[in-house]
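Written below as structure tokens is the structure these notes are about.
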Amino acid sequence: EDKKIAAAAMAEAKQKAAEERKVAAEAAKEAKRKAAEERKAAAAEAKQKAAEAKQKAAEERKAAAEAAAEAKRKQAEQKRSDSAKQAQQAMQKAKPGQTISLFGFGAPKPTSAPTAKPVRPSAATRKVSAAPRGVPTISKWEQNRDGSIVGLITGSPSFQDGEAITTSPITSDAIGGVVVQTTSGSRYFLEEQSKAQAKSAAGLFGLFGGSAASGEPTASGQKTPGEIKTEAEAKRRATEEKKAAAAAAAEAKRKAAAQQAGERRRMAEEKRVTASNARKAEQAMKNAKPGATIPISFLGFGKPQPEKEEKSQKPARAVAPRGVPTIRKWRQNKDGSIVGSITGSPNFKEGEVVTTSPITGDAIGGTVVETSSRSRYFLEEQTKEQANIFEEFFGLFGGGPAGK
């Protein structure tokens, strides 16, 4: 009869182990699914942040371009206004009856110089009738002492037609009807002009103190320093946001992997404890003396024997407060911990054998005890006979898995 009971206990233990493995596999599958969802969410968030950063960079570039255009327009208006004021002041200071040349007033008189020999244009500076396609034209021009060209520009995407500019020094002779190149690499077509037109141009720019827009004009498609700085800052921000999104995705992946590893360790521990208890039960059956009685029902297998009803009515038994797990069939270990079958706990199955941390007070049935880790449990009341049986049982199997 004992062997039959032991065989039934072993079969029940195997079935319970199989169920635990199934539950553990489902938990691992659920953890894997959650990890995949977290990775997907992190990737979507990173993509959205990158798109927002790109849009923000485009908006900043557009705003910088508009600000640069507005600043250039205001600068041109200011210089035209200053030129008009200078002309008005010159008219007011002129003596009565004095003739004022619009193009020669205020310009330094040209010093006499020996007639230069005519320069024969080379193949690189051969005259053409009109400006090549895409090359701006400078009319009413003159060459400054530093080799730069001052005049009125047309056909340039960077300036308004007729705006006065001063180029960088050119690398060849200033000859009308040819294309010249500046030291910065910009190319311009110098419009042909007569000697009188050249003299008028000298007087005009001498009167107004040079060009309205000094410095090398911005070439077509060339960005201003402010635009370049804004674009670089936008790219830097986009790169930082991409790095942050990648770091967040990596962190989510790491947490998911850690969660899966913890779940695998927990399942392995449960499997080890179950196998250990099964081996102990089998060994106990083998070592049992003929006729010995072993309380198999306390392992959680089979149905416990119903207690005989007492003739006299017993007082009402204490019950666990709401939310406090109950430990039944318990005993206290030498280190002060409690081992028994737990119910009403969200962390363990109903009837699972656990071992708590050492408690801080006395182990008395029908009371709530608190462990050193601040967990609270209700110890079910039990008779002296039951306490002795549980003492013998848990001494035989070494208690349940450690719990808190």
Side-chain angles (χ1 to χ4, degrees), residues 5-6 8-13 15-17 19-20 23 266 269-270 272-278 280-281 284-285 292-310 312-404:
I5 295 174
M10 289 297 298
E12 188 71 18
Q15 182 180 357
K16 186 176 180 181
E19 291 176 354
E20 289 178 351
V23 172
R266 187 187 67 80
E269 179 65 17
E270 289 181 354
R272 185 189 65 78
V273 172
T274 302
S276 177
N277 288 341
K280 289 179 179 179
M285 292 301 174
T293 302
I294 299 177
I296 298 297
S297 60
F298 298 134
L299 284 171
F301 313 127
K303 296 181 180 179
Q305 296 293 331
E307 297 179 358
K308 295 181 180 180
E309 295 181 359
E310 295 183 0
S312 59
Q313 187 178 0
K314 294 182 179 180
R317 305 184 72 176
V319 295
R322 187 173 183 180
V324 178
T326 299
I327 298 182
R328 304 172 59 245
K329 305 173 185 177
W330 58 269
R331 77 172 177 90
Q332 189 173 22
N333 296 323
K334 293 180 179 180
D335 61 352
S337 60
I338 299 295
V339 59
S341 176
I342 193 168
T343 58
S345 171
N347 301 320
F348 298 96
K349 294 180 180 179
E350 295 292 308
E352 187 173 357
V353 178
V354 301
T355 300
T356 71
S357 302
I359 63 174
T360 57
D362 296 330
I364 302 173
T367 62
V368 175
V369 294
E370 185 172 336
T371 68
S372 56
S373 62
R374 306 302 297 273
S375 300
R376 299 173 70 239
Y377 301 96
F378 175 75
L379 302 181
E380 188 181 61
E381 291 184 75
Q382 56 190 9
T383 63
K384 187 174 182 180
E385 182 181 1
Q386 288 175 329
N388 293 334
I389 294 175
F390 301 152
E391 181 77 18
E392 179 183 357
F393 167 68
F394 289 115
L396 174 63
F397 297 107
K404 291 186 178 180

To the nearest 0.5 Å, atom CD of E350 lies from atom OG1 of T326 at 9.0 Å
Under 3.5 Å, side chain of E370 to main-chain N/O of I359, donor-acceptor pair present?
-> no
Of all the heavy-atom pairs spanning E20 and E270, show the shortest one and how long it is.
-> OE1-O, 4.2 Å
Kindly indicate whether the side chain of T274, heavy atoms from C-beta on, has any atom under 4.5 Å from the side chain of R272.
-> no
One should read off an interatomic distance between T360 OG1 and R374 CZ, to the nearest 0.5 angstrom, of 8.5 Å
Find out whether V354 and N347 are in side-chain contact, i.e. whether some heavy atom of one side chain is under 4.5 Å from a heavy atom of the other.
-> no
Separation of T355 OG1 from I338 CD1 (nearest 0.5 Å) | 9.5 Å
Identify the two heavy atoms, one from A363 and one from Q332, that lie closest to each other, and give their separation to 0.1 Å.
-> CB-OE1, 3.4 Å
Any side-chain heavy-atom pair from T356 and S375 closer than 4.5 angstrom?
-> no
Which heavy atom of S357 sits nearest a heavy atom of S372, and at what distance?
-> CB-OG, 3.8 Å
Any side-chain heavy-atom pair of L379 and I364 under 4.5 Å | no
Reported CE-to-CD1 distance for the pair M10 and I5, which is rounded to 0.5 angstrom = 14.5 Å
R266 and E269 ion-paired at < 4.0 Å = no
Backbone N/O of G365 and side chain of Q382: donor-acceptor pair under 3.5 Å | no
Shortest non-hydrogen contact from P321 toward F378 = CD-CD1, 4.4 Å
Roughly how far apart are T343 OG1 and F348 CZ, rounded to 0.5 Å?
-> 12.5 Å
Does atom CG of D335 have more than 12 heavy-atom neighbours, drawn from other residues, nucleotides or ligands, at distances under 6.0 Å?
-> yes
